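To keep things clear, I will list the structure first and then write my remarks on it.
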Amino acid sequence: MKNTAYYHLPGLFEFYELYKVFLPLFREHREYFYEWCDIGSVYGAPADCIWGGGRVGTGDHDPNEVLALMQEYNISSRLTFSNSLLREEHLSDRKCNALCSLFSKTTNVRNGVIIHSELLLDYLKLTYPEFYFISSTTKVLTDFQQFWDETQRDDFLYIVPDFRLNKSFHKLNTLSAAQKDKTEFLCNECCRFGCKGRKRCYENVSRRNLGEICPEHRCTAPDASNGYMFSKAMKNPAFIGISDIQNVYLPMGFSNFKIEGRGLGSALILEFLLYYMTKPEYQLQVREEIYLDSMLDLF
């Protein structure tokens, strides 16, 4: 049984201003937050990173300030470089290498890279050995044997299976303690459980990050036009709520939980922080602290 749930939060570059307010609150008023949870990392990628995947990056905050904030609070930064279509000529990209050079040389806490491409993995292992690596959910590992095999790889410290494996408890319980330590569940996915186009969607994002001219992937789900809604995500059969974490996953030996939301607004990210981390009796105080910061644009 695990005692602490570690959350891996979205928007390393996108939501710097939110985290700049939230992290001091989390440190100075720890009584506002559940004792059984902590922050494992914050992940993301700036705009115009050809190695980026999962989402087309929009973050534009200065990487030096981002790194300084995370290091101040001893939080691991993860670069989301999960493009699945990289070729040899892309490995010399100046912007992505500069980010790796900056984030790999840290003193307080080790940083990581979320990765899909085996080509990029081999390059980063050789060029920036200080990083740890996370196997990206963009691999869409819906087959449990494929996921099991991935947990056996020494290359990865964490593996994020497809969200549709979240409730495969009988199979998940066959994992060893070491494999469970490497498993990181995607909690709040809004994508339709029966979606068959998830891999094509991620490949489309990879092409757009590479600057290729291609039509945007159109989701065929009946309510896709509504965009992301947390209330809808909560009804997803794969949704992992706080009672699930406390009463099912921690007792089973799992401790890592990823919150999606890089492409969403700060106001919705705040709702995730309130729901997953904040005691109900203190949620108003946290909202007030965040909303009353006049420098923060929540929308």
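Count residues from 1 along the sequence. Small disclaimer: the values here were computed from a predicted structure and weren't measured. Hydrogens, waters and symmetry mates play no part in the numbers below; they use all other heavy atoms, side chains included.
Formation of a donor-acceptor pair under 3.5 Å by the Glu14 side chain with backbone atoms of Gly263 is not found in this model. Remark: side-chain polar atoms of Lys182 are paired, donor with acceptor, to backbone N or O of Phe156 under 3.5 angstrom. For His29 (side chain) and Phe26 (main-chain N/O), no donor-acceptor pair under 3.5 Å exists by modelled atom type. The main-chain N or O of Ser84 is found under 3.5 Å from a side-chain atom of Ser206 such that the two form a donor-acceptor pair. With hydrogens and angles disregarded, a donor-acceptor distance shorter than 3.5 Å links the side chain of Gln179 to the backbone of Ser176. Side chain of Thr80 to backbone of Gly44: a donor-acceptor contact under 3.5 angstrom is found. Judged by distance alone, the side chain of Gln146 and the main-chain N or O of Leu141 form no donor-acceptor pair under 3.5 Å. Side-chain atoms of Asp93 do not come within 3.5 Å of backbone N or O of Ile50 as any donor-acceptor pair. With hydrogens and angles ignored, the 3.5 Å screen pairs no side-chain donor or acceptor of Asn108 with any backbone N or O of Asn74. Side chain of Thr174 to backbone of His170: no donor-acceptor contact under 3.5 angstrom is found.
Between Lys279 and Glu281, no side-chain nitrogen of the basic residue sits less than 4.0 Å from a carboxylate oxygen of the acidic one, so the salt-bridge criterion is not met. Salt-bridge formation is detected for the pair Lys139/Glu150: a Lys NZ or Arg NE/NH1/NH2 atom is positioned less than 4.0 Å from an Asp or Glu carboxylate oxygen.
Here the closest heavy-atom approach between residue Pro10 and residue Ile269 is recorded as CG-CD1, 3.9 Å. The shortest non-hydrogen separation linking Leu102 to Leu67 is O-CD2, 3.6 Å. Scanning both residues, Cys100 and Leu124, for their nearest heavy atoms gives SG-CD2, 3.9 Å. Considering every non-hydrogen atom in both Thr4 and Tyr6, the closest pair reads CG2-CZ, 3.7 Å. The heavy-atom pair separating Ile39 from Val42 by the smallest distance is CG2-CG2, 4.4 Å. Considering every non-hydrogen atom in both Tyr16 and Glu65, the closest pair reads CE1-O, 3.5 Å.
In this structure, Tyr7 has its ring center no closer than 6.0 Å to that of Phe272. Taking the six-membered ring where the residue is Trp, the centroids of Tyr34 and Tyr282 are separated by 6.0 Å or more.
Inter-residue side-chain proximity for Ile242 and Trp36 is flagged as met; some heavy-atom pair is nearer than 4.5 Å. At least one side-chain heavy atom of Leu175 sits under 4.5 Å from a side-chain heavy atom of Leu172. Proximity of Cys49 to Lys95: side-chain heavy atoms (C-beta onward) are separated by under 4.5 Å at one or more points.
Atom CZ of residue Phe133 and atom CG of residue Leu79 lie 10.5 Å apart, to the nearest 0.5 angstrom. Atom-to-atom distance recorded for Asp143:CG and Leu165:CG is 8.0 Å, nearest 0.5 angstrom. Between the NZ atom in Lys235 and the CE atom in Met229 there is a gap of 8.0 Å [rounded to 0.5 Å]. Atom SG of Cys187 and atom CG of Asn236 lie 11.5 Å apart (nearest 0.5 Å).
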Under 3.5 Å, sequence neighbours excluded: what are the donor-acceptor pairs made by side chains of residues 109-120?
from   : atom 1 : to     : atom 2 : distance (Å)
Arg110 : NE     : Glu130 : O      : 2.9
Arg110 : NH2    : Phe131 : O      : 3.0
Asn111 : OD1    : Ser77  : N      : 2.8
Asn111 : ND2    : Phe103 : O      : 2.9
His116 : ND1    : Thr138 : OG1    : 2.9
Ser117 : OG     : Leu119 : N      : 3.2
Ser117 : OG     : Leu120 : N      : 3.1
Glu118 : OE1    : Arg153 : NH2    : 3.0
Glu118 : OE2    : Arg153 : NH1    : 2.8
Glu118 : OE2    : Arg153 : NH2    : 3.3

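Taking the six-membered ring for Trp and thresholds of 30 and 60 degrees, Tyr19 and Phe15 have ring planes more than 60 degrees apart, a perpendicular arrangement. Ring planes of Tyr275 and Phe239: tilted class, angle from 30 to 60°.
Checked options Val66, Leu69, Ile75; the residue passing with Leu12 is Val66 (criterion: side-chain contact (heavy atoms from CB on, under 4.5 Å)). Of the candidates His8, Lys258, Glu184, Ser41 forms a side-chain hydrogen bond (donor to acceptor under 3.5 Å, both in side chains) with just one, namely His8.
Within a 6.0 Å radius of NZ in Lys20, no more than 12 heavy atoms belonging to other residues, nucleotides or ligands are found.
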Check: Given the rule in the side chain to side chain contact (heavy atoms under 4.5 Å, CB included) test, do Tyr128 and Asn97 qualify, once you have shown the distances and angles that lead to the verdict?
Finding: CA-CA 9 Å; Tyr128 306 101; Asn97 275 283; 2.9 Å; yes
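Using modelled atom types and a 3.5 Å distance limit, the side chains of Tyr43 and Arg262 yield no donor-acceptor pair.
Take Lys125 and apply the salt bridge (Lys or Arg N to Asp or Glu O under 4.0 Å) test, not counting sequence neighbours, and it matches Asp155.
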